Amino acid sequence: MFSTLFQKEKSAIYLGSLAVAPNGKINQLEQWFRMADHQLEDEMKAKLEEIFCLQPAASVAHFQKNDLILDVVIVNLRNGHYGDIRTSDIYLPVFIRPKIKLVSRLSYAGTQQTKETFEVSQTVPWSVYFKKVFSFRGLFGFGSLFSEHEMEILLMQGCLTLLDKMRKRV
């Protein structure tokens with residue numbers, strides 16, 4: 001009897017926007033070294049749409065009082081690479097590990113007021129990174145160190161961590 005009296009009404013969650021933000025300084029360095037994969041952003045956005053397969057908020061005519069809208073943005077997307085900067089006297093190795101940083105926002109559907117924001121960074125561990133750097137592909141520079149599939153796995157791990165954070169706090 002009392003359990004139903006104090007039970008919170010569950011909120012429906014609708015999908016707002018999914019996006020990949022323009023990359024920062026480290027990605028400009030990757031592009032300068034011609035290491036960046038321009039298709040990666042499009043592929044990660046498509047994968048993000050697969051992961052968050054909620055009903056779009058734009059398709060709903062009337063929201064309930066507790067309904068929420070989820071917006072997710074990939075604010076940092078690095079594919080990872082190993083390179084070096086050399087002069088006659090100095091040798092400086094450059095290690096860039098793959099990293100995906102996600103930011104999400106839950107807002108009330110009726111008022112568009114933000115209820116909560118969440119942020120998650122997912123990076124490949126150093127041990128996995130160095131195995132790739134010292135592999136045949138890494139030593140001879142054939143393509144990127146991490147494949148599209150490996151980056152998708154990194155994105156899925158980040159999304160799971162993000163969803164777990166949201167589940168615990170909302």
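As the structure is a prediction and not an experimental result, all values here were calculated from the model.
- Taken from CG in Leu48 to SG in Cys159, the straight-line distance is 5.5 Å, to the nearest 0.5 Å.
- Lys132 and Ser135 get closest at one heavy-atom pair: O-OG, 2.7 Å.
- Interatomic distance, Arg86 CZ to Leu92 CG, rounded to the nearest 0.5 Å: 11.0 Å.
- Between Asn76 and Arg78, the closest heavy-atom pair is OD1-CG, 3.6 Å.
- The shortest distance between side-chain heavy atoms of Val75 and Leu102 does not fall below 4.5 Å.
- Taking Tyr14 as the reference, Phe63 meet the ring-ring contact (aromatic ring centres under 6.0 Å, His included) condition, with sequence neighbours excluded.
- A search for side-chain hydrogen bond (donor to acceptor under 3.5 Å, both in side chains) contacts involving Gln64 returns nothing, not counting sequence neighbours.
- Within the structure, salt bridge (charged side-chain N to carboxylate O under 4.0 Å, His left out) contacts touching residues 48-74 (residues at least two apart or in different chains) are Lys45-Glu49, Lys47-Glu50, Asp71-Arg105.
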### Task
With side-chain contact (heavy atoms from CB on, under 4.5 Å) as the test, would you mind laying out the steps for Phe52 and Val72 before giving the verdict?
CA-CA 9 Å; Phe52 293 100; Val72 181; 4.1 Å; yes

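- For the residue pair Met151 and Ile100, the shortest heavy atom distance occurs at O-CD1, 3.8 Å.
- Between Ser107 atom OG and Gln112 atom CD the span is 5.0 Å, to the nearest 0.5 Å.
- Remark: Glu152 engages no residue in a side-chain hydrogen bond (donor to acceptor under 3.5 Å, both in side chains) (not counting sequence neighbours).
- Applying the side-chain hydrogen bond (donor to acceptor under 3.5 Å, both in side chains) rule to Thr117 yields no partners; only residues at least two apart in sequence or on another chain are considered.
- A 4.5 Å side-chain heavy-atom check between Val73 and Val20 finds every atom pair outside the cut-off.
- Residues passing the side-chain contact (heavy atoms from CB on, under 4.5 Å) test with Ser59, sequence neighbours excluded: Gln55, Pro56.
- Within the 4.5 Å cutoff, no side-chain heavy atoms of Ile96 are placed close to those of Asn79.
- Applying the side-chain contact (heavy atoms from CB on, under 4.5 Å) test to Arg167 and every residue at least two apart in sequence or in another chain returns Asp164.
- By the side-chain contact (heavy atoms from CB on, under 4.5 Å) test, Leu160 pairs with no residue at all, sequence neighbours left out.
- Here the side chains of Ile69 and Leu106 are not in contact, with every heavy-atom distance at 4.5 Å or above.
- Among pairs with a residue in residues 92-101, those fulfilling salt bridge (charged side-chain N to carboxylate O under 4.0 Å, His left out) read Lys101-Glu119, at least two apart in sequence or across chains.
- Residues Leu68 and Leu54 share a hydrophobic cluster, clusters being chains of Ile/Leu/Val/Met/Phe/Trp/Tyr side chains in contact below 4.5 Å.
- Here the OG-CG distance, from Ser104 to Leu18, works out to 10.5 Å after rounding to the nearest 0.5 Å.
- Under the rule for a ring-ring contact (aromatic ring centres under 6.0 Å, His included), Tyr108 has no partner lying at least two apart in sequence or in another chain.
- Partners of Phe95 according to the side-chain contact (heavy atoms from CB on, under 4.5 Å) rule, which considers only residues two or more places apart in sequence or in another chain, are Tyr82, Pro93, Trp126, Tyr129, Phe130.
- The ring pair (Phe, Tyr, Trp, His ring centres under 6.0 Å) analysis of residues 146-170, with sequence neighbours excluded, yields no pairs.
- When all heavy atoms are compared, the tightest approach of Thr123 to Pro98 is CG2-O, 3.3 Å.
- Going from atom CG of Leu40 over to atom CE of Met44 covers 5.0 Å, rounded to the nearest 0.5 Å.
- Rounding to the nearest 0.5 Å gives a distance of 13.0 Å between CG of Leu163 and CE of Met156.
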